[in-house]
Amino acid sequence: MKYVVALTEDLNQRLLSHLRRADGQEDLCFGIWHPSRGTSRLTVVITEVILPRRGDRRVHGNASFMPRYFERVLDRALKAQGGIAFFHSHPGAERWQGMSGDDGLAEGGHAGAVSAVTGLPLVGLTLAERDGAWSARAWLRTKPRSYAPSWCTSVRVVGRRLTISIPEVSGGDFGMELDRTLSAWGGAMQRRIATLTVGVVGLGSVGSIVTEALARIGVGHLILIDFDRAETVNRDRVLHLYDHDVRERRLKVAVAGAAARRAATAHDFEVREVPFSVVEEDGFRAALDCDVLFSCVDRPWPRSVLNLIAYSHVTPVVDGGIRLQQRRGGGVRRGDVRSQVVGPGRTCLECLEQFTPEDVALERDGYLDDPTYVAGLAADHHLRSRQNVFAFSLMAAGLETMHLLSMFAAPPGLELGPQAYHFVPGVLDDVLTTCKARCPYRGMTALGDDAPISVTSVHPAAVRSRARIGAAPEGED
């Protein structure tokens, strides 16, 4: 099992303020974390920071903590039912740090007590004081009374921007296929893009184009999540989907995965195809393996699941949507394209009115898959607005891709908020809004698997889709 660490920008700033000392000495503190268990990795989600009180630690070039501080942290971890993280600084250092002998003794000497009390490994994090990079390791039991560090593969800080700290990579040369891409943002940024694991949820019109874009800009690892299969009605808008895919009833994730492998520019590119809905446990856990998620779905239930992941699991979600309405007599009366990033420090999808709890309940109860119920809705009801056109999908995928890049590659201070493009009258608006005072998602930030609600269940539409394997394509005998 691989380990990664995630924390919000607010907590990161609190840690930086404490650990960066004007006198140039090391400092330390503790925190609480909750697990976010994916299919192939566990994310250590930092939930809170517990700063030392007077007399809790000694600063003497290095820093050491007193037993009463450690006991207070153990007590807090028991009450929070979480794990313990130990933070300390390396003054004047840059980039991902190793451990000194003193670091190993301090962390390893307390790993057993932490594991015994919390049932979770002690996680140590080192701040490179000069550039703010983090390194991290989880102390795992190797034999009775013996613990060793297992190095995490990355530490991500999520807020208005996304910052990824990774171990130093040997080599780092890129092929000519990325020559123009490197000219835009350079090798250091490209190496971080190459280490990202990005999930695309929904491989329809927008998701298929987003997948192509991610593969071509050099993302190293993709996870594609969708239970649906190719149908004739998909042909006019899903990239790389052809008649033979419909005849063979190929999964959309298989179509997009094969295309991504052809388009990929990253060395050792990997793509995982997950034929489940994100509202099912298998799809949900696969989504937790990602550093960033793209929400390319048009239903309220999966959007609510992704909204929870964005906050509780500290994983930024890039969301988009399209709404079209035809004029009487032909032509487009309304053609709106939305794109936004949600996660800590940003307005959530529910407060952005991209879904309502009532609509989620309707879908969970099966009403949105009942043709009779849907037919009874008003013609302009938002739950009936599932029309799409490839040209509008291009616009949505482009806006979503720009939102991802703005978190990584844009100059500091340039932070894209929600945007809405209106085909009529042809303008792009910034959407200015904040979460409601009682937004439930903000209150569940960084709780990981310990968030107090359950969002996954049996998804009847996905079950029916899998049951139709081997049946004739829709509309054929």
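Position 1 is the first residue of the sequence, and the numbers go up from there. Worth saying up front: this structure is predicted, and the values here are computed from it rather than measured.
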For [Y], is there an ion pair with [X] - N to carboxylate O distance below 4.0 angstrom?
| X | Y | answer |
| --- | --- | --- |
| Asp298 | Arg323 | no |
| Glu9 | Arg161 | no |
| Glu273 | Arg250 | no |
| Asp226 | Lys252 | no |
| Asp336 | Arg338 | no |
| Arg285 | Asp449 | yes |

For the pair [X] and [Y], name the ring-plane relationship: parallel under 30°, tilted 30 to 60°, perpendicular over 60°.
| X | Y | result |
| --- | --- | --- |
| Trp134 | Phe87 | perpendicular |
| Tyr242 | His244 | parallel |
| Phe86 | Phe30 | tilted |

Between [X] and [Y] (side chain of the first, backbone of the second, donor and acceptor by atom type, cut-off under 3.5 Å), is there such a pair?
| X | Y | value |
| --- | --- | --- |
| Arg156 | Ala6 | no |
| Gln97 | Glu94 | yes |
| Trp33 | Ile84 | yes |
| Ser312 | Ala451 | no |
| Trp151 | Ser135 | no |
| Arg442 | Arg438 | no |

Can you name the nearest heavy-atom pair linking [X] to [Y], along with the distance?
| X | Y | answer |
| --- | --- | --- |
| Ala266 | Val219 | CB-O, 3.8 Å |
| Val305 | Val279 | CG2-CG1, 3.8 Å |
| Ser154 | Ile164 | CB-CG2, 4.2 Å |
| Thr445 | Pro344 | CG2-CG, 4.2 Å |
| Trp96 | Ser165 | CZ3-O, 3.5 Å |

_Steps toward side-chain contact (heavy atoms from CB on, under 4.5 Å) verdict (Val4, Val44)_ = CA-CA 6 Å; Val4 301; Val44 172; over 6 Å; no
Whether the [X] and [Y] side chains hold a donor-acceptor pair (N or O, under 3.5 Å, no angle test) is what I'd like checked.
| X | Y | answer |
| --- | --- | --- |
| Thr126 | Arg137 | yes |
| Asp429 | His422 | yes |
| Ser393 | Ser205 | yes |
| Ser339 | Glu400 | no |
| Arg272 | Ser40 | yes |

Do [X] and [Y] have side-chain heavy atoms sitting under 4.5 Å apart?
| X | Y | value |
| --- | --- | --- |
| Leu352 | Arg346 | no |
| Val200 | Cys296 | yes |
| Ile217 | Leu405 | yes |
| Arg334 | Val424 | no |
| His90 | Leu127 | no |
| His221 | Asp289 | no |
| Tyr311 | Val342 | yes |
| Arg364 | Ser457 | yes |

_Which residue is it: Val297, Asp359, Val278? I am looking for the one with a side-chain contact (heavy atoms from CB on, under 4.5 Å) to Arg303._
Val297
Evaluate whether atom [atom1] of [X] has more than 12 neighbouring non-hydrogen atoms of other residues, nucleotides or ligands under 6.0 angstrom away.
| X | atom1 | value |
| --- | --- | --- |
| Asp131 | CG | yes |
| Gln81 | CD | no |
| Phe423 | CZ | no |

*Apply side-chain contact (heavy atoms from CB on, under 4.5 Å) to the pair Glu48 and Ile50, showing each step before the final yes or no.*
CA-CA 7 Å; Glu48 62 178 290; Ile50 304 171; 4.2 Å; yes
*Can we call the ring centroids of Phe276 and Phe227 under 6.0 Å apart?*
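No, the ring centres sit 6.0 Å or more apart.
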